[in-house]
Amino acid sequence: MTLGPALPKALRGSSMIELGDNLYIIGGKSNDGSAQQNEIHQLSCISGLCSWTTLTQQLKVAREWLVAIPIVDTFCH
């Protein structure tokens, strides 16, 4: 078994979704019990090398224990 890269920060109560070839971690709460998070982290892999990026786009309201559901664009038209 090969472990991937560590998250930018330890989180609990976040939501995870897969979109295309990427994995996203949304919201949550710091493991130290401090503030809820509004950040979105993206895991991308290219040629077997994976890395996390914190997106500039954020949740409008910080949340933990949220539900995230990917919806295709054609559903919204």
Side-chain angles (χ1 to χ4, degrees):
M1 175 172 72
T2 303
L3 296 177
L7 277 167
K9 62 175 74 173
L11 294 171
R12 64 177 187 207
S14 56
S15 187
M16 182 185 330
I17 60 170
E18 179 184 356
L19 282 173
D21 293 334
N22 299 313
L23 183 71
Y24 296 87
I25 301 288
I26 303 167
K29 193 169 191 176
S30 297
N31 253 2
D32 62 8
S34 61
Q36 292 179 336
Q37 303 293 303
N38 62 350
E39 296 174 326
I40 302 172
H41 306 283
Q42 175 186 25
L43 178 66
S44 301
C45 298
I46 299 172
S47 300
L49 298 174
C50 300
S51 62
W52 286 102
T53 303
T54 302
L55 303 181
T56 55
Q57 180 180 356
Q58 296 183 339
L59 299 173
K60 187 179 279 189
V61 177
R63 300 179 184 277
E64 66 177 314
W65 305 111
L66 65 148
V67 174
I69 303 170
I71 299 175
V72 295
D73 287 340
T74 54
F75 185 77
C76 300
H77 293 251

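We use all heavy atoms of the structure for the numbers below, so side chains are in, but hydrogens, waters and symmetry mates are not.
- Each disulfide bond (SG atoms under 2.5 Å apart) pair with one or both residues in residues 14-44, not counting sequence neighbours, would appear here, but there are none.
- In this structure, the side-chain contact (heavy atoms from CB on, under 4.5 Å) partners of A10, at least two apart in sequence or on a different chain, are N31.
- For residues 42-52, no residue pair satisfies the salt bridge (charged side-chain N to carboxylate O under 4.0 Å, His left out) rule, not counting sequence neighbours.
- Other members of a hydrophobic cluster containing V61 are absent, since no ILVMFWY side chain comes under 4.5 Å of it, directly or through relayed contacts.
- Looking at every heavy atom in both residues, A68 comes nearest to I26 through CB-CD1, 3.9 Å.
- With a 4.5 Å cut-off on side-chain heavy atoms, S30 and Q37 count as touching.
- Q42 is linked by a side-chain contact (heavy atoms from CB on, under 4.5 Å) to N22, Y24, S44, L55, counting only residues two or more places apart in sequence or in another chain.
- The heavy-atom pair separating C50 from P5 by the smallest distance is O-CG, 3.4 Å.
- Expressed to the nearest 0.5 Å, how far OG of S15 lies from CD1 of I40 amounts to 10.5 Å.
- Pairs of residues two or more places apart, or lying in two chains, never qualify as salt bridge (charged side-chain N to carboxylate O under 4.0 Å, His left out) while including a residue from residues 51-63.
- Contacts classified as disulfide bond (SG atoms under 2.5 Å apart) and involving residues 6-43 (residues at least two apart or in different chains) are not found.
- With sequence neighbours excluded, the residues that form a side-chain contact (heavy atoms from CB on, under 4.5 Å) with T54 are P8, E39, H41.
- Its side chain within the 4.5 Å cluster rule, L23 clusters with L7, L11, M16, I25, L43, W52 among the Ile, Leu, Val, Met, Phe, Trp and Tyr residues.
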